[in-house]
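Working notes, structure below.
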Amino acid sequence: MYTFLPEAVRQGLHEARKAALQRKDRLCVHDGEKVHRIRRLWDDGFALDLEGSERLRGHVDIYDGPKHLYQCLVVSSVDEDDERVFEFKWLTAVADRPAADFVRPDFVPAGLLES
């Protein structure tokens, strides 16, 4: 599509596209102490930038800024164009409160007034 443009213009468009992806998305993968920015996330995988990312395997955590969203088990990766695409075996949402051993009602009042 951009084959008729000069190389400098194509490189500038590529860099602008990468910068826009990094600005609008705060999702990242934490693998121990290493943090990698996620470019795309879907039902059974995610993609990282090819430069600066390594092949991940095993248990990793996915964050949205400071909020812990998911834990997943990465099983494979493939290099496609300028992305490293990972697939995971399972993806589990992280609970923000402890599990309850009773049924919670649909409506819970914010407070009770004494008479």
(Q) As a quick check of understanding, evaluate side-chain contact (heavy atoms from CB on, under 4.5 Å) for W90 and Q71, giving each step before the final call. (A) CA-CA 8 Å; W90 53 261; Q71 293 180 335; 4.2 Å; yes
Q: List the steps and the verdict of side-chain contact (heavy atoms from CB on, under 4.5 Å) for Y63 and H30.
A: CA-CA 7 Å; Y63 285 81; H30 290 227; 3.2 Å; yes
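Side-chain atoms of R57 come within 3.5 Å of backbone N or O of V75 as a donor-acceptor pair.
Contact of the R37 side chain with the L27 side chain is not registered, since no non-hydrogen atoms from C-beta on lie closer than 4.5 Å. Residues R39 and D82 have side chains in contact (heavy-atom distance under 4.5 Å, counting atoms from C-beta outward).
F86 and E54 make their closest contact through CZ-O, 3.5 Å (heavy atoms, listed as atom of the first residue, atom of the second, distance). What you find for L48 and I38 is that their closest heavy atoms are CD2-CA, 3.8 Å. Across all non-hydrogen atoms, the minimal contact from L50 to R84 is CD1-NH2, 3.4 Å. Of all non-hydrogen atoms in V74 and L56, the two that sit nearest each other are CG1-O, 3.3 Å. In terms of heavy-atom proximity, R26 sits nearest to P66 at NH2-CD, 4.1 Å.
The ring pair (Phe, Tyr, Trp, His ring centres under 6.0 Å) search around H59 returns none, not counting sequence neighbours. L91 is linked by a side-chain contact (heavy atoms from CB on, under 4.5 Å) to I62, Y70, C72, F88, counting only residues two or more places apart in sequence or in another chain.
Remark: R97 CZ is loosely packed, at most 12 non-hydrogen atoms of other residues, nucleotides or ligands lying under 6.0 Å away.
If you chain together hydrophobic residues whose side chains sit under 4.5 Å apart, V60 and V85 never meet in one group. When the side chains of ILVMFWY residues are joined at heavy-atom separations under 4.5 Å, either directly or via intervening members, L69 and V29 end up in a single hydrophobic cluster.
Between atom CH2 of residue W42 and atom CD of residue E87 there is a gap of 8.0 Å, rounded to the nearest 0.5 Å. Note that the SG atom of C28 and the CG atom of L41 stand 11.5 Å from one another [nearest 0.5 Å].
There is a side-chain donor-acceptor pair under 3.5 Å between R55 and S77.
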